[in-house]
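As the structure is a prediction and not an experimental result, all values here were calculated from the model. Convention: sequence-line order gives letters A, B, ...; per-chain numbering from 1.
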Number of protein chains: 4
Amino acid sequence: MTNPTDGKFDVILKAAIEVISEKGLDKSSISEIVKLAGVAQGTFYLYFKSKKDLIPAIADKLLAITLADVKVKTEQKETFWEKLDVLIDETFQTTNTHQDIIVLVYSGLAVHHSLEKWEAVYQPYYDWFEQVMREAIENEEIIDSIHVGWTARSLINMIENAAERYYIGYEQDEELAVYRAELFHFIKRSLERL
Amino acid sequence: MTNPTDGKFDVILKAAIEVISEKGLDKSSISEIVKLAGVAQGTFYLYFKSKKDLIPAIADKLLAITLADVKVKTEQKETFWEKLDVLIDETFQTTNTHQDIIVLVYSGLAVHHSLEKWEAVYQPYYDWFEQVMREAIENEEIIDSIHVGWTARSLINMIENAAERYYIGYEQDEELAVYRAELFHFIKRSLERL
Amino acid sequence: MTNPTDGKFDVILKAAIEVISEKGLDKSSISEIVKLAGVAQGTFYLYFKSKKDLIPAIADKLLAITLADVKVKTEQKETFWEKLDVLIDETFQTTNTHQDIIVLVYSGLAVHHSLEKWEAVYQPYYDWFEQVMREAIENEEIIDSIHVGWTARSLINMIENAAERYYIGYEQDEELAVYRAELFHFIKRSLERL
Amino acid sequence: MTNPTDGKFDVILKAAIEVISEKGLDKSSISEIVKLAGVAQGTFYLYFKSKKDLIPAIADKLLAITLADVKVKTEQKETFWEKLDVLIDETFQTTNTHQDIIVLVYSGLAVHHSLEKWEAVYQPYYDWFEQVMREAIENEEIIDSIHVGWTARSLINMIENAAERYYIGYEQDEELAVYRAELFHFIKRSLERL
DNA sequence: GATGAATGAGCTTTCATTCAT
DNA sequence: CATGAATGAAAGCTCATTCAT
């Protein structure tokens, strides 16, 4: 009857991601989530204090997956520019796959005043990219007159934003490759050490 | 009692902005909005088709104000770089003043699947900035090997994002001036024609 | 369609009394009350702030009816002892008719920590009986060495209690007349001026 | 870890009294009670058939304690009037100490339709006081023309009621001594054999 | 006996929307 | 145009109770 991966927490979280992806947080009901998860209404509250407790849990899961992926794929790359390319690639892919959940995470965190948690969730991502940038500075690939913390955050945001603009809704009047190239070169022009 | 500018539409919109700024869209009720506006419950539906009709209206109003302001202030400036500086300045100021409503507009548009309207709302803003960039290209202030449409959108997003990261929540561990300088130079390095 | 006595407040209150009489406050659901009242769920909350808002309203209504009745019937009586007899009679009758609601009022007020309201509700009743006792003292029917306020409250309680013990549950192993006589004489022996 | 007197029944009952005293029966949850008792959720149902099974058990315990106390203290007294004085004293003290639980017992028994049990619970109390009254009649301290059963119940109720009126809520505008004297003399006037 | 995770019916309350006046 | 009482669907959440271990 029970299945090794059947931690109820994960079952519920998975169902929640699925339902919320489709309808958004506010239109999604706990009852629909538990129905899909195959557990009772009350069981939800054994694992989550309330409905909005879902948001950080979802964000956590999503970012953890993405970061793990990015780390694996960038490890094999030598130069900063190759790594940046991987980052752009992964971000576009993740954004495409998880469009709705990303919107949820963005807006959910914002709307439900859990901004403090947002930073905590993103911190490992930022840390990793700051480290990548520091190495690039040491290797004299990029200029050293930048504020690494700020730039890391700005780049991650810029990349995510570009991906979102492309996939989530509106700007598909050009080739994906053109967009990605534009993005890559915009950054490269700004950071490259000549 | 009534005031010449008191078109009910504007009265309701103003009340809506106030209430929603404080509590977010989903926690705000029509009944609270109409109470603050001093009109009857039913009157709301004479001017707005439904609750979520408010979001684009609010976004519209906010962007219109900001854009008008930016236009006035940039007209007096000669160079692209001065205009960019004004744009950054205005964006930071608006973000600071209207934090909550900006979050609302972002997430509201996203969550409530009115993404199509988003583009329409932002279009005049993009149009204006594209024009500014084209003039800068003609004046040989910035490089001409860019996709103007994409870059205009990316810059506006980048600037807004930086402002949001600064004000809405988390990154105030540095001087505002440092942040703004970092942003300005990041862009300048990428676009400047040497 | 509408009926002159159809103040929704009264319709709901009447339905509430009926339902709660049968099942007690906690077992009664708003949905059952509004169904019986023939109004919508939301309408209830137009007239009552919450479920427990019902208790004082019910108590008020019940006591007002009883007191009005007692006043009318005692006015025709000359002596204190005749009035006391009427009071006993009315109390027993009301208790018999409204058994469940009396239990509700007692326990509801107690349980839901609205004890302050209890006094307010009973005050007119106490006032009236104090006045009756003062006249009896003036007419030298009863002794004057009593604390009128305390005695009025105690007698009303004693009479209600006797009625409740008789009707609400347990002590019907004797004739009603015997009980009432016992009660009447217990009081008379204590108060009569010889 | 376990304590010889820690029969689970008593542990749970004690926890229940504590929790219910504070929040009332309906606001108290089994889960809170078992948490305080330090036993598992299911253990509760090994000792009590259901939640409302608690009420008679609590009432039983409380009355047993009070009656034992009253018995001890009255045994040393000679006359009926001295014993009555002790009874009044004890009742006021118990009422003061156990205000909330008394309210619960009263209203709980009433509301939850376990009125049959009420009589069973009170029976030993009534029996004892009837016996005291019979002795007083034999000793020609009080009149013999009374219905002993009815009078015993009425007096116990009257005394409890007076105490409740004094402590639970409202009537503290006079000295306690005045109230108690008024009560004592009201009864004495009615019963004393001259 | 003891456990405590799981259950699921059922609750109060909210609120966008309608419509007779 | 304006009103606001009425609607009723739908939501989040609680908790007494069960039962496999």
- Query: Of all the nucleotides listed (E:dT3, F:dG8, F:dT3), which has the minimum atom distance to the side chain of D:Lys8?
  - Reply: E:dT3
- Task: Among E:dA6, F:dC1, F:dA5, find the nucleotide with the atom closest to the side chain of B:Leu46.
- Result: F:dC1
- Item | Plane angle bin for A:Phe48 and A:Phe9 - parallel if under 30°, tilted between 30 and 60°, otherwise perpendicular | parallel
Tell me: [atom1] of [X] to [atom2] of [N], nearest whole Å?
X: D:Lys27; N: E:dC11; atom1: NZ; atom2: P; result: 16 Å
X: C:Ile12; N: F:dT7; atom1: CD1; atom2: C1'; result: 12 Å
X: A:Phe9; N: E:dA5; atom1: CZ; atom2: C1'; result: 16 Å
X: B:Lys35; N: F:dT3; atom1: NZ; atom2: P; result: 15 Å
X: D:Ile55; N: F:dA16; atom1: CD1; atom2: P; result: 12 Å
X: B:Glu32; N: E:dT13; atom1: CD; atom2: C1'; result: 16 Å
X: A:Tyr47; N: E:dG4; atom1: OH; atom2: P; result: 14 Å

- Would you indicate whether A:Gln41, at its atom CD, is surrounded by more than 12 heavy atoms from other residues, nucleotides or ligands within a distance under 6.0 Å? yes
- Summarise protein proximity over nucleotides 16-21 of chain E in one line of letters, 5' to 3': B for base, S for sugar-phosphate only, - for none, counting protein heavy atoms closer than 4.0 Å. SBB---
- Just call it for D:Val34: base, sugar-phosphate, or nothing, with non-hydrogen atoms closer than 4.0 Å on any strand. nothing
- Item | Strand DNA chain F in bracket notation, Watson-Crick/G-U under 3.5 Å with | for pairs to another chain | .||||||||||||||||||||
- Quick one: do D:Glu22 and D:Lys27 make a salt bridge, cutoff under 4.0 Å? no
